[in-house]
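Heavy-atom basis, side chains included; hydrogens, waters and symmetry copies ignored. Within every chain, numbering begins at 1; the chains are lettered A, B, ... in the order of the sequence lines, protein sequences first and strands thereafter.
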Amino acid sequence: IDSEDDLLQECISSAMPKKK
Amino acid sequence: PTPPYLKWAESLHSLLDDQEGIQLFRGFLRQEGCGDQLDFWFACSGFRKSSQEKRPKLAKAIYRKYIQDSNGIVSRQIKPATKSFIRDCVVRLHLDPAMFQQAQTEIQSTMEENTYPLFLKSDSYLEYT
């Protein structure tokens with residue numbers, strides 16, 4: 001379950017805008 | 001130049017295009033018990049960009065966390081037909097990068113009609129400005 005959560009978090013972060 | 005917080009009021013997309021805006025909006029949504037709306041929205045965008053190897057596990061993770069439980073905030077705001085479509089995709093491993101597109105659009109409309117206007121009137125936003 002933990003790794004599934006990590007995967008999700010990584011996925012969410014990957015879609016966020018990078019710092020300008 | 002226009003300060004970022006004025007841009008946030010132009011459209012949901014302007015808000016979601018700014019790290020600080022996202023942070024403030026997320027804090028507001030969590031207070032309202034709707035934090036999952038935003039996480040789901042970003043998860044759908046991330047899924048489209050994810051590698052093919054990660055897709056099966058990721059599709060399942062998104063499905064389990066946000067859609068399977070019909071009492072969850074995201075699940076309640078997505079049409080039943082859209083949910084069955086996603087369930088079918090996960091079960092049959094038809095993992096198209098756009099499989100969450102419709103659900104993302106539905107959640108986006110909910111935010112645009114509901115939580116985003118509330119955010120612009122909220123103390124969090126007003127205090128920030």
Side-chain angles (χ1 to χ4, degrees), chain A, chain B residues 1-4 7-8 12-26 29-30 35-69 72 74 90 95 97-101 104 107-108:
Chain A
I1 301 288
D2 262 0
S3 71
E4 208 170 72
D5 255 8
D6 291 346
L7 194 70
L8 250 180
Q9 277 316 311
E10 191 192 305
C11 170
I12 290 170
S13 311
S14 77
M16 299 236 178
K18 305 284 168 265
K19 226 179 177 87
K20 282 166 199 166
Chain B
T2 322
K7 283 207 163 248
W8 303 346
L12 180 65
H13 271 281
S14 320
L15 176 66
L16 300 186
D17 199 33
D18 186 90
Q19 273 196 338
E20 226 168 307
I22 294 168
Q23 225 172 26
L24 202 68
F25 188 41
R26 176 181 265 170
L29 288 176
R30 286 197 176 149
D36 277 0
Q37 277 184 345
L38 195 62
D39 288 344
F40 177 73
W41 191 88
F42 279 114
C44 295
S45 299
F47 182 79
R48 268 199 302 277
K49 298 197 274 180
S50 66
S51 65
Q52 210 166 349
E53 307 87 73
K54 282 189 185 163
R55 225 170 273 155
K57 227 178 168 180
L58 198 51
K60 248 186 231 165
I62 297 175
Y63 175 72
R64 273 199 205 137
K65 170 127 185 165
Y66 300 106
I67 296 169
Q68 193 171 35
D69 175 9
V74 170
V90 172
L95 305 172
M99 63 179 273
F100 291 104
Q101 182 90 53
Q104 185 182 27
I107 286 298
Q108 187 180 313

Set of residues satisfying side chain to side chain contact (heavy atoms under 4.5 Å, CB included) with respect to B:Arg26, sequence neighbours excluded: A:Ile12, A:Met16, B:Arg30, B:Leu38, B:Asp39
Reported CG-to-CZ distance for the pair A:Leu8 and B:Phe42, which is rounded to 0.5 angstrom: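 If I round to the nearest 0.5 Å, the distance is 14.0 Å.
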When you measure from the side chain of B:Gln19 to the backbone of A:Lys18, do you find a donor-acceptor pair of N or O atoms at a distance under 3.5 Å?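 Flag not set: sc B:Gln19 to bb A:Lys18 has no pair under 3.5 Å.
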All N/O donor-acceptor pairs, side-chain side in residues 53-62 of chain B, below 3.5 Å, sequence neighbours left out:
{"unit_1": "B:Lys54", "atom_1": "NZ", "unit_2": "A:Glu10", "atom_2": "OE2", "d": "2.6"}
{"unit_1": "B:Arg55", "atom_1": "NH2", "unit_2": "B:Ser50", "atom_2": "O", "d": "3.0"}

Closest non-hydrogen atom pair, A:Ala15 against B:Gly46: CB-N, 3.5 Å
